[in-house]
Participant: 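Take this structure first; my questions come after.
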Amino acid sequence: MSKIEETLKHKLNDDAGVPYPDFENMWSRMEQAGYTAPTTTDHSEAIAPRRHKNWRKITITASLSALLVAVPVYAAIHYNWDNLLHGRSGIQTALNQDLGQLLEQSVTRDGVKLTLHTAIVDENRTVILYSLEVGKRADNEFWNVKGISLKNATGKNSEGEYNFQQWDPKNQRYNGYFESDWTPQQDTENMRLTVGHVELDSIQELDLPLDTQSPKIQTFTLNRDGLQDMKVQVFEQGKDKLMLSSAITFDSSIPKRWDNPQIIAYKGGEPVMSQPGGAFGKPGDNGEYTAQQYFTREHIPEGQITYKLQYAKTEKSIDEPINFDLQLSKKRMESGTIKSALNIPLEKGNPNFTMEQMVVTPTQIRLTIRGKKKFADIPYQKYFLSVNGKTLEGNKWSPPSSTPDLTTIRFERPSDLVITKDTPITFTGKYKVTIHSDDKTPQRLTDISEQKQTLTTQIGGYPVKWTYYKQGADLFVETESEDARFGGINQTHIGLGKERILGRPISANFTGDGINKAVDVYKNFKGTEASIYMFFYTTDEPEAEITVPIQPLTTQSEASK
């Protein structure tokens, strides 16, 4: 298996419960709501994005685009799916209970055979299991099924769509699944599943003479397979971690979203695993493909490491759409489905977030939480359900057109868990992150030059170190704290009002990741002084925990006690 396949499989398995949909759709919605700022340094009035909010979504979206990894689909219901349905135990639960709807429809194009095997449809989602037979393939090649979508009779697409697939060496084919938030409004509906195209990619590598000891921007000419040039900058992240921030320009005005270029470090001919938290695919100022990758310093000792740029090259593409007409039904799931209206405050005495509904199906439990403000993040970062003594871990999910004040948390249902309306269910939220937006004190940067300068200030009672310097025409501003309970500054700006200049975030920090270093760049900065403001900062309480009884529930007042 290639490094790209191994790396992406590892990432997606770690985040198997957090598949993210159309990034462009999500980003535009946030811009319209005033929750994000343009990536260019201008005088816009838009409010800064939460640096900690969306990079995880970008990471998963880019990874899924490059290599759709996941589960097998065999016609036999009793096929052992344990390793392949990682993070999707609810699907296996439905199969074990013989709740799948057999499809067994096939289409062959250019010697490639795509078969839909089984559909699993309930009140929470629709999952379709498929296989792809491609014949012989080279070790550095992999096939992708792309652009899968469900449409109803009027041609309207479903939402929250994505698919994973994985090579099955035993049966010499790809096995995969397509998942959508769509569910039938009636017991049974006629739908059309369309596959946009099927693509064969090969793994390619280019030598990258990268110097990780240099803090300056390094430019490499690529001129191969549509990749034009690459800029890389190395940032220290604490004492033991390095961040490689890169941007690749393509020779076309349209970024090649499927190539998933990434930097691979080799030691003694063996690849060095990068650290979790990398982000791929956010467009740069001029459409570049940007990425942030993290490495532990001791794993990449100077003089012992070679670097390569690894990417996927399209070798063959079957572009004619493939259509399947399906009649999908949720009837077999109805007896195991429970819908409960909750109206329970997440935190006692705090009206900002209310648990609104819980839907239990044979495959999954979904809990929806409504906030008083649009796009407000619930303060807890880890989610658990205690169900009759069994603990389930959940993940947050935001489909493209979801209500902006609604958060959905999904919990996969194991096969041995029996749930009725009287089954005790308790929600637990852990690791609290609090947003602080009331500090509007500017930090005065003086004598700005190419020489790095630092100053330390107190923000919310925490020591925060500011490092600033110029590289060429650009001003870089780094912030970090030695106190791990300081979560970090999301984004900075110079000046106030309509004339303010927004800093462009370079680092990709995630809420609750324990990293509080952030880097902003101000392009084409002129002058030697600046007053830097922050939109907000966060504080972390890893030990914080809240427990809320959900079921059985008789009255709201009893639930809040």
Participant: Val548 vs Ile344, test: side-chain contact (heavy atoms from CB on, under 4.5 Å). Steps then yes/no.
Facilitator: CA-CA 8 Å; Val548 185; Ile344 307 171; 3.6 Å; yes
Participant: Nearest 0.5 Å, what's the CD1-CD1 distance between Ile365 and Ile338?
Facilitator: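 Taking CD1 in Ile365 and CD1 in Ile338, the distance rounds to 9.0 Å.
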Participant: Which of these, Lys313, Arg224, Gln310, sits in a side chain to side chain donor-acceptor pair (under 3.5 Å) with Gln204?
Facilitator: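 Among the candidates, only Arg224 passes.
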Participant: Do we see a donor-acceptor contact under 3.5 Å between the side chains of Thr314 and Asp201?
Facilitator: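 Their side chains do contain a donor-acceptor pair, which is all the 3.5 Å distance test asks for.
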Participant: Per the side chain to side chain donor-acceptor pair (under 3.5 Å) rule, which among Arg137, Glu133, Gln165, Gln166 passes with Tyr174?
Facilitator: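 When Arg137, Glu133, Gln165, Gln166 are each tested with Tyr174, the side chain to side chain donor-acceptor pair (under 3.5 Å) holds only for Arg137.
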Participant: Main chain of Glu320, side chain of Arg109: is a donor-acceptor contact present, judged purely on distance under 3.5 Å?
Facilitator: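 Judged by distance alone, yes, a pair lies under 3.5 Å.
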Participant: Please check if any side-chain donor atom of Tyr289 sits under 3.5 Å from a side-chain acceptor atom of Asn260, or the reverse.
Facilitator: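 Note: Tyr289 and Asn260 side chains meet the donor-acceptor criterion.
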Participant: Does Tyr177 have its ring centroid less than 6.0 Å away from the ring centroid of Phe164?
Facilitator: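 Yes: the rings meet the under 6.0 Å criterion.
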Participant: Taking NZ in Lys382 as the centre, count heavy atoms belonging to other residues, nucleotides or ligands within less than 6.0 Å. Is the count above 12?
Facilitator: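 No, because the 6.0 Å sphere around NZ of Lys382 holds 12 heavy atoms or fewer from other groups.
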Participant: Consider only side-chain N and O atoms of Ser131 and Asn175, and report whether a donor and an acceptor are under 3.5 Å apart.
Facilitator: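 Result is no, nothing qualifies.
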Participant: Any ion pair linking Lys316 and Asp110 (charged N to carboxylate O, less than 4.0 Å)?
Facilitator: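 Not counted as a salt bridge, because no side-chain N and carboxylate O are separated by less than 4.0 Å.
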Participant: Do Thr249 and Asn286 have side chains that get closer than 4.5 Å, going by heavy atoms?
Facilitator: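 Not touching, per the 4.5 Å side-chain cut-off.
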Participant: Got a sec, which pairs hit salt bridge (Lys or Arg N to Asp or Glu O under 4.0 Å) with one end in residues 121-130, sequence neighbours left out?
Facilitator: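 Residue pairs with at least one partner in residues 121-130: Glu123-Lys330, Glu123-Lys339, Arg125-Glu179, Arg125-Glu412.
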Participant: Tell me whether the rings of Phe427 and Tyr383 are parallel (<30°), tilted (30 to 60°) or perpendicular (>60°).
Facilitator: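 The arrangement is parallel - the two ring planes meet at less than 30°.
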